[in-house]
Amino acid sequence: MKRSTFIQSPNTRTLNRFAISCAALLFMNQMAPVSAFAGANEGVPGVAGEPYLNMPAIAPLGVRIGKHLEVPESSKGPAIDPAKGYRIQDLGQGLYMVTDNGYQSMFMVYDKGVVVVDAPTSYAQYIPKAIAEVTDKSITHVIYSHSHIDHIGGTKGLGGHPIIIAQEETKRLLLRAKDSNRPIPTITFKDKYTLKVGGKILELSYHGVAHEPGNIFIYAPAQKTLMVVDVIFPGWMPWRRFALAQDVPGYFAQVKEINGMDWDTLVGGHVERTGTHADVALQLEFMNDLKDAARRALKSTKIGEELAPVDGGNPWAVYGNYIDRVVIQCVKELTPKWSTKLGGYDVYIWDQCYAMEQSLRIDEQ
């Protein structure tokens, strides 16, 4: 696939600089003075210079391209009826998924009402219509997967006065947010909570910080359906920086845990379709390859190469230059295997390599 020449833009350099930790200062105190570097650019300060050597064929952050890589057929799901704006997937025994093929939520019908799990802002107005397709019962309960607006910001619009259930960290974050569109939970739990209504069961459990504090697993045992939001992206590259994971090692641990659990259908909160064990295994394989590639790049990349001599006294520039070249090596190593296996690979691979490099240096090394 033909690509344009990839010259780093000022925006790219700015984004890269934000990726630098304060640990750079401590590192620089132990470095020998920087005197001469290959590929130095002595142009206008702050303006993009020549690309790094051996730049990957995947456009870096901040560079606009004409066409992204094709989305693999395996990443796609059933189409949305544009006249409706959503679709329903029957998960069995009164449990349904609702999606606009960008976000996903669930609802469970029981003898006296309906339990809704998440109300994404993108289509919350359609949830009552979706429910009305299968029952005339009203919403009695809402379960929050976690606190983020994009997944529960449509809750108030559902109407009524449902019982709202969430993990206690989610309540803490919502009290801080003071957002009327995300009503405060009326029932909270620390580790586990089982909701039993009319013979229907949802098992809620908290497995620690990964995506954010309070993000829970929701399991429907009768349907063997597991819902974990913003962790698994069936058929797709995870959203940037491991879906903005607040704890990257925790994120890795949860993907591994989900891979080993007993379930038939996974609802991940995003993308066009539900997930399978094969999807989770594929994402875990990609993540492990990513970690290995980033670790190798950290060990083999030399400090100070391809840096302008005039920037030798700028620790942010020296260490940022090192981080950039670590990430370049990471992207180059992963692309031949993974660019055709995951939807959106080229969109977020740079983000993932930056996040992985930072986590390895800060969390593990």
Side-chain angles (χ1 to χ4, degrees), residues 88-99 103-120 124 127-128 130-148 151-152 154-174 182-208 210-211 213-232 254 257-258 260-269 274-275 277:
I88 299 175
Q89 181 172 330
D90 189 345
L91 302 175
Q93 301 187 50
L95 185 67
Y96 300 85
M97 181 185 75
V98 187
T99 181
Y103 283 83
Q104 300 171 350
S105 60
M106 294 196 307
F107 68 88
M108 183 176 72
V109 181
Y110 70 102
D111 59 347
K112 295 182 180 179
V114 178
V115 179
V116 171
V117 185
D118 281 359
I127 292 177
I131 293 171
E133 290 187 26
V134 298
T135 183
D136 60 358
K137 296 180 174 64
S138 60
I139 298 170
T140 58
H141 299 72
V142 174
I143 296 171
Y144 289 163
S145 66
H146 63 303
S147 76
H148 285 164
H151 289 278
I152 65 170
T155 301
K156 183 178 180 181
L158 297 178
H161 300 281
I163 296 168
I164 299 176
I165 305 169
Q167 204 273 341
E168 61 187 21
E169 284 293 297
T170 296
K171 181 177 181 178
R172 177 183 66 82
L173 293 169
L174 292 175
R182 293 176 285 168
I184 303 301
T186 49
I187 295 176
T188 60
F189 65 96
K190 182 177 181 180
D191 298 316
K192 295 182 179 180
Y193 182 89
T194 300
L195 177 64
K196 298 180 180 180
V197 285
K200 303 292 179 68
I201 296 175
L202 291 176
E203 298 173 353
L204 316 183
S205 56
Y206 183 50
H207 298 247
H211 177 58
N215 199 34
I216 61 173
F217 290 26
I218 302 109
Y219 182 60
Q223 300 84 356
K224 296 196 73 173
T225 294
L226 176 67
M227 181 175 181
V228 184
V229 174
D230 285 338
V231 176
I232 304 296
Q254 286 194 6
E257 182 178 8
I258 292 167
M261 294 175 66
D262 182 20
W263 48 266
D264 291 338
T265 304
L266 181 94
V267 177
T274 54
H277 274 284

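Note that the coordinates shown come from a computational prediction; the quantities given were computed from them, not determined experimentally.
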Asker: Of the non-hydrogen atoms in Y206 and P213, which two are nearest, and what is the gap between them?
Answerer: OH-CA, 3.6 Å

Asker: For residues 194-203, please give each side-chain donor-acceptor pair under 3.5 Å, one per line with the distance, not counting sequence neighbours.
Answerer:
unit_1 : atom_1 : unit_2 : atom_2 : d
K200   : NZ     : Q93    : O      : 3.2
K200   : NZ     : V109   : O      : 2.8

Asker: Donor-acceptor pair, Q104 side chain versus G268 backbone, under 3.5 Å?
Answerer: yes

Asker: Can you measure from CE (M227) to CD1 (I143) and round to the nearest 0.5 angstrom?
Answerer: 9.0 Å

Asker: Any side-chain heavy atom of V229 within less than 4.5 Å of one from H211?
Answerer: no

Asker: Is the H151 ring parallel, tilted or perpendicular to the H146 ring (thresholds 30°, 60°)?
Answerer: tilted

Asker: With no hydrogens and no angle check, is any side-chain donor or acceptor of T186 less than 3.5 Å from a backbone partner on I164?
Answerer: yes

Asker: Stepwise, does the side chain to side chain contact (heavy atoms under 4.5 Å, CB included) test hold for T225 with L95?
Answerer: CA-CA 9 Å; T225 294; L95 185 67; 4.0 Å; yes

Asker: In terms of relative ring orientation, are F107 and Y96 parallel, tilted or perpendicular, with 30° and 60° separating the classes?
Answerer: parallel

Asker: Using side-chain heavy atoms (C-beta onward) and a distance below 4.5 Å, is I88 in contact with M97?
Answerer: no

Asker: Checking side chain to side chain contact (heavy atoms under 4.5 Å, CB included) between S105 and each of V116, V117, V98, which is the one that passes?
Answerer: V98

Asker: Are any of the side-chain heavy atoms of I187 and I163 separated by less than 4.5 Å?
Answerer: yes

Asker: W263 side chain to A220 main-chain N or O, any donor-acceptor pair under 3.5 Å?
Answerer: no

Asker: Could I get the full list of side chain to side chain contact (heavy atoms under 4.5 Å, CB included) partners for H207, not counting sequence neighbours?
Answerer: S205, F217, Q254, E257

Asker: I need the full list of side-chain hydrogen bond (donor to acceptor under 3.5 Å, both in side chains) pairs touching residues 155-170, with sequence neighbours left out, sorted by first then second residue.
Answerer: E169-R172

Asker: Grab the two heavy atoms, one from K137 and one from D111, that are nearest each other, plus how far apart they are.
Answerer: CE-O, 2.8 Å

Asker: With sequence neighbours excluded, what pairs up with Y193 under the side chain to side chain donor-acceptor pair (under 3.5 Å) test?
Answerer: none

Asker: Testing the basics here: between P120 and I127, what is the closest heavy-atom pair and its distance to 0.1 Å?
Answerer: CD-CD1, 4.4 Å

Asker: Using the test side chain to side chain donor-acceptor pair (under 3.5 Å), find all partners of K192 that sit at least two apart in sequence or belong to another chain.
Answerer: none

Asker: With side chains defined as the heavy atoms from C-beta onward, is the minimum distance between S138 and V114 less than 4.5 Å?
Answerer: no

Asker: Test side chain to side chain contact (heavy atoms under 4.5 Å, CB included) on T99 and Q89 and set out the steps.
Answerer: CA-CA 8 Å; T99 181; Q89 181 172 330; over 6 Å; no

Asker: Drop me the distance from L173's CG to R182's CZ, to the nearest 0.5 angstrom.
Answerer: 9.0 Å

Asker: Do P185 and I165 come within less than 4.5 Å of each other through their side chains, counting heavy atoms only?
Answerer: no

Asker: If the condition is ring pair (Phe, Tyr, Trp, His ring centres under 6.0 Å), which residues does Y219 pass it with, not counting sequence neighbours?
Answerer: none

Asker: In Å, rounded to the nearest 0.5 Å, how long is the span from CG of N215 to CD1 of I218?
Answerer: 7.5 Å

